[in-house]
Every structure is written in structure tokens, then in C-alpha cells.
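Below is one structure, written out as C-alpha cells, with a few remarks after it.
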Amino acid sequence: MAQEVLLMKGNEAIARAAILCGADAYFGYPITPQSEVLETLAELKPWETTGMVVLQAESEVAAINMVYGGAATGKMVWTSSSSPGVSLKQEGISYIAGAELPCLIVNVMRGGPGLGTIQPSQADYFQTTKGGGHGDYRLIALAPASVQEMADFVELGFKLAFKYRNPAIILSDGVIGQMMEKVVLPEQKPRRTDAEVIEQCPWAANGKAEGRKPNIITSLEMDPQKMEVRNLHLQAKYREIEENEVRYEEIQCDDAEYLIVAFGSCARIGQKAIQMARAEGIKVGLLRPITLWPFPTKAIQGYANKVKGMLSLELNAGQMIEDIRLAVNGTIPVEHFGRLGGIVPGPDEVVNALKEKLIKH
Amino acid sequence: MTHEIIIAGFGGQGVLSMGKILAYAGLMENKEVTWMPAYGPEQRGGTANVTVIVSDERISSPILSSYDVAIVLNQPSLEKFEPKVKEGGIIIYDSNGIIKPPTRKDIKVYRIDAVEAANEMNNTKVFNMIVLGGLLKLEPIVTLEGVVKALKKSLPERHHKLIPMNEEAIKKGMQIIEEVK
């Protein structure tokens with residue numbers, strides 16, 4: 001049966017998708033521009049239907065530690081916030097990554113630094129992909145560019161988080177969170193039973209079965225020799241994720257002489273910009289990283305000898321550009337264009353930047 | 001066919017909900033739609049605007065630099081968006097909020113006295129539906145039936161009794177919009 005096409009905000013789509021994919025608990029604290037996530041959950045009252053727990057914590061710090069606790073039991077738990085709130089969660093995220101627990105974090109980015117503005121931004125790229133908390137850890141980072149992807153990436157994020165016992169993050173922004181678009185939601189899946197959780201998560205601390213050793217969930221290790229082994233294990237896991245989980249989209253790249261690299265809302269603006277540029281005879285394509293970590297390094301590298309230059313389009317002062325430059329390793333010019341502090345550029349500004357920064361070279 | 005529209009005015013005028021109904025109506029007619037509010041610490045009296053795109057094709061950017069139609073319901077919005085109407089495009093304004101009307105000669109300028117008409121209907125709340133009617137008269141982006149279906153879909157059941165009044169307001173808007181030469 002064809003599923004119903006609905007119209008809703010990205011934030012609402014995330015909340016609905018989480019209920020539908022059988023999530024067990026949400027812990028969060030409201031902040032613009034993601035408050036509709038918690039609002040939607042409060043309105044839908046999933047605790048009365050699927051039994052999903054929804055709790056407004058006393059702070060972001062409390063919320064992420066509730067996620068840590070819930071994840072330790074093998075439950076599907078998640079949280080959402082926006083930039084300043086996600087900064088508060090960083091200690092907990094590092095602990096969760098260190099303890100190798102699956103969970104889903106959503107960041108609907110706003111302008112920073114500090115309390116910044118409440119308008120869209122992508123300035124948390126470094127925080128997300130380079131480890132915002134302490135220690136050598138990685139988050140599986142998904143960047144949705146539509147309301148449909150906001151919904152789809154909830155299930156994908158949980159799937160990857162459980163597959164690798166690693167936190168996953170949906171890195172969105174105020175544009176995708178606040179805009180309304182068409183979306184088809186998944187069908188309702190039941191929450192896993194306790195027996196299923198025990199079977200699927202033999203590592204979880206959810207009651208010791210007779211005959212097995214206790215499962216200890218911790219990120220603490222007093223012996224540096226053992227801690228190094230643990231780190232090497234994490235690094236081996238990260239290499240495996242880099243090998244298997246890179247996702248990206250290519251739009252009109254086949255004949256492109258220039259490439260715009262952009263994620264999330266900027267990928268949408270970039271699509272309009274390439275249409276406008278092509279109408280003027282400029283052959284430009286768009287490569288959209290869907291996973292920001294693992295980054296599509298090889299795909300970008302593959303264009304280094306095909307295009308004359310790349311433009312990194314980001315709502316920040318130039319963060320992803322560093323990963324693009326590493327990928328092409330100095331072979332072609334890579335320039336950055338972006339607006340800051342909550343300002344979103346129009347597609348005409350992108351076309352102008354492309355001409356001024358790359359084509360004039 | 002793609003319609004790129006900006007609706008701008010004061011918070012409380014129903015700018016965002018007018019855009020929402022237009023987007024919903026597009027959905028009802030199986031078109032592609034985006035609704036992107038310029039959100040902020042909005043409150044009654046502050047400025048508000050929303051970009052609505054209704055298209056037969058997949059929509060790229062929800063953020064635009066120029067528009068086919070600008071509906072401006074106060075002076076600051078007119079000043080901000082008149083320069084951003086595409087050549088040959090349309091600007092619609094309500095004389096009530098406008099001291100200096102549009103001056104561009106390369107676009108079509110329309111006036112709709114929706115505040116006055118809403119007052120005559122003894123219901124200031126249907127103001128935005130009157131304006132929507134004016135827009136649909138000029139640009140049949142969606143049908144009146146589509147809008148009624150959208151209202152049924154987007155309004156809670158308890159408000160469905162208000163739909164005929166909204167329909168009447170849309171028809172009123174279709175009658176009273178006039179070109180300014």
C-alpha cells in the first residue's frame with residue numbers, strides 16, 4: 001500500500017520517525033531551532049502508544065547522561081538539541097563513545113559561537129567530525145538535506161549505531177529543521193521486547209543471566225597498557241566504518257569542470273546555484289557528502305584530475321574545506337564560500353562566489 | 001511550472017499560515033512544495049516572512065534570491081522585497097500597511113484592500129485568506145478546491161465549521177484585487 005504523503009517540518013519528521021522506528025526513550029531539553037522535536041513528542045504522547053519514554057531533563061548535561069544510562073541497557077535511546085546545547089553534551093558523548101554504546105544524537109545547528117543566534121548555521125562541523133569532546137573518538141555523522149532524509153536518517157542512524165556500538169549523530173541545521181516539505185514516514189515497528197534486547201545486545205547491562213560474567217559498561221581504565229589496547233580496538237572499528245559506511249550524492253558531476261561540495265541546507269542552495277550557473281554555460285556539478293564522518297574522501301579525490309577547482313559551500317567560516325583540501329592534496333584550487341552567524345546565502349551569491357573565487361583563476 | 005513566492009508582513013497577520021495553506025493545497029494537488037519561514041524571536045508586531053515554492057518538479061533550494069511573486073503586507077517588507085521580484089514578476093500589496101507603493105515599471109503591481117474587506121466581513125482574521133484569493137486570481141497555482149481540501153487536512157476537526165467563511169474570503173479576494181497602472 002502506498003504510504004500517505006504528509007507535509008511537515010524537519011524537526012517534526014525526526015520526532016515521528018523515532019516513534020515509528022520503535023525507539024525506547026528520548027531525553028532532551030528544549031532549544032530553538034529544534035524545539036519542535038520535543039513539542040511533537042509531547043503532543044503525540046508515544047508513552048501511551050508504543051511505550052516510548054519521553055523526558056524533559058533538567059539540562060542538556062542530564063539528558064545526555066540519561067542517554068548514557070539507557071544505552072548501557074541496550075535500549076534504543078536518543079536526544080536532540082541545537083549547538084549550545086550540544087556543546088553541553090560533549091562530555092557525555094565522549095563517555096558514550098568510550099564505553100562503546102549505541103545511541104542517536106540530533107543537532108539542529110544554529111549560529112555561534114557562544115549562545116550566538118537562533119538562525120541556521122553549519123559551524124559545528126569541526127565539533128561533530130573531529131571529536132567535540134576529549135579523546136580519540138568518532139561519531140557516525142549523517143547530514144540530511146531534506147525533510148524526507150530527516151525522517152529516514154533516524155532509522156539509519158540507529159541501525160549504524162547498533163551495528164558498530166557507536167554513537168551516531170544527525171547533523172542538521174535551522175533550515176532543514178524549520179522548513180516544511182513532503183515526507184513519507186515509515187510504518188510503525190514495535191519496540192523490541194526485553195528478550196530481544198538481551199539476545200541482540202549480549203554486551204548490555206540489563207540483568208545478569210546465569211552462567212555469564214557480569215557486563216561492565218565504563219570508559220574508565222586505570223591501566224594505560226589496557227587503555228591503549230582499547231584505543232587500538234576503537235581505531236580498528238573506525239577504519240572499518242570508513243571502509244564500509246561512506247555515503248554521498250553526485251548531481252550533474254559527469255561533465256563538470258567545477259565542483260561545489262556542500263552538505264545539508266547548503267547542498268539544496270548549491271543545487272539551485274548549479275542550475276543557474278549551467279544556464280550561463282558554466283559546467284558545474286555538486287557533490288553532497290551524506291556522511292560527514294566517514295567523509296567521502298576517495299570520491300572527492302576522484303574528481304581532482306577531472307575538474308579545474310572545487311568550492312566548499314558551508315554556513316561557516318570554512319571547516320569542511322579542510323577535509324576537501326586533504327582529499328585533493330594540493331592538486332587543484334579549493335575555495336570556500338559561506339555566510340556566518342545565522343545568515344543563509346541565496347543561490348545567486350553562490351554563483352557569484354564560484355565566478356570570483358574559482359573561474360577567474 | 002514552478003512558482004517561487006515570498007509572503008511578508010507583520011507577525012500576527014497570518015503570513016506564515018497563509019503560506020502553509022498554499023503549501024498544503026499544493027500537496028493536495030500532488031505538486032512538490034517547500035515552506036521556509038524566516039524564523040526568529042517572532043511575536044505579534046515583529047516582521048515575519050515565508051518563502052513558498054510550488055512546482056511540478058523536484059525543488060532544489062528552499063532559499064531564494066529572487067521571486068516570481070512578492071506579497072508585501074507592510075512598508076519594511078515592500079522595501080526589502082520589491083527589488084527581489086524577477087523582471088515581469090508580480091508584487092501584491094495591501095494599501096493599509098503601505099505609505100509608499102511600489103515604483104518598479106518592469107513588474108506588475110497589484111493592490112488588494114484586504115484589511116478593509118476583512119473589516120466589512122466583520123472578521124479581521126480572514127485577512128490572509130482574502131490576500132490568498134487575490135494571489136490565486138492572478139496565478140492559479142492551486143485551485144480553490146485544493147485550498148478547501150488543504151484547510152480540511154490542516155485544521156483540527158473542531159475548526160472545520162470555519163472553512164466556508166475562509167472560502168468566502170478567498171472568493172472576495174479574487175474579486176477585489178486590482179492592477180495598479
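None of these values were measured; they are calculated from a predicted model. Side chains are part of it too, since the values below use all heavy atoms of this structure and drop only hydrogens, waters and symmetry mates. Residue numbers begin at 1 in each chain, while the letters A, B, ... track the order of the sequences.
In the displayed structure, B/Lys108 atom NZ is contacted under 6.0 Å by at most 12 heavy atoms of other residues, nucleotides or ligands. Applying the 6.0 Å contact sphere to NZ of B/Lys20 captures no more than 12 heavy atoms from other residues, nucleotides or ligands. Within 6.0 Å of atom CG in A/Asp254, 12 or fewer heavy atoms from other residues, nucleotides or ligands are found, so the atom counts as exposed in its surroundings. Summarising the local packing, CD1 of B/Ile163 is surrounded by more than 12 heavy atoms from other residues, nucleotides or ligands at distances under 6.0 Å. By the 6.0 Å contact criterion, CD on B/Glu179 is enclosed, its count of non-hydrogen atoms from other residues, nucleotides or ligands being greater than 12. For A/Tyr303, the OH atom counts as densely surrounded, since its 6.0 Å shell holds more than 12 non-hydrogen atoms of other residues, nucleotides or ligands. In this structure, A/Glu48 places its CD atom where more than 12 heavy-atom neighbours from other residues, nucleotides or ligands lie under 6.0 Å away.
Of the atoms belonging to B/Ile63, heavy atoms from both backbone and side chain fall under 4.5 Å from chain A. When heavy atoms are compared at a cutoff of 4.5 Å, B/Lys31 approaches chain A solely by way of its backbone atoms N, CA, C and O. When heavy atoms are compared at a cutoff of 4.5 Å, A/Pro120 approaches chain B by way of both its backbone and its side chain. Looking at A/Gln275, the atoms closer than 4.5 Å to chain B (heavy atoms on both sides) all sit in the side chain, from C-beta outward. Both the backbone and the side chain of A/Val175 come within contact range of chain B, judged by heavy atoms closer than 4.5 Å.
Of the listed residues A/Met276, A/Glu349, A/Gln178, the one with more heavy-atom pairs under 4.5 angstrom with chain B than any other is A/Gln178.
Of the possible donor and acceptor atoms, one in the side chain of A/Arg268 sits under 3.5 Å from a partner among the backbone N and O of B/Ile59. B/Ser65 contributes a side-chain N or O that, together with a main-chain N or O of A/Asp348, makes up a donor-acceptor pair within less than 3.5 Å.
Rounding to the nearest 0.5 Å places CE of B/Met28 at 8.0 Å from CG of A/Leu7. Taking OG of A/Ser146 as the reference point, atom CZ of B/Arg58 lies at 7.5 Å (rounded to 0.5 Å).
The shortest non-hydrogen separation linking A/Lys9 to B/Trp35 is CE-CZ3, 3.7 Å. Taking all atoms of both residues into account, the shortest heavy-atom contact from B/Thr34 to A/Met179 is CG2-CE, 3.8 Å.
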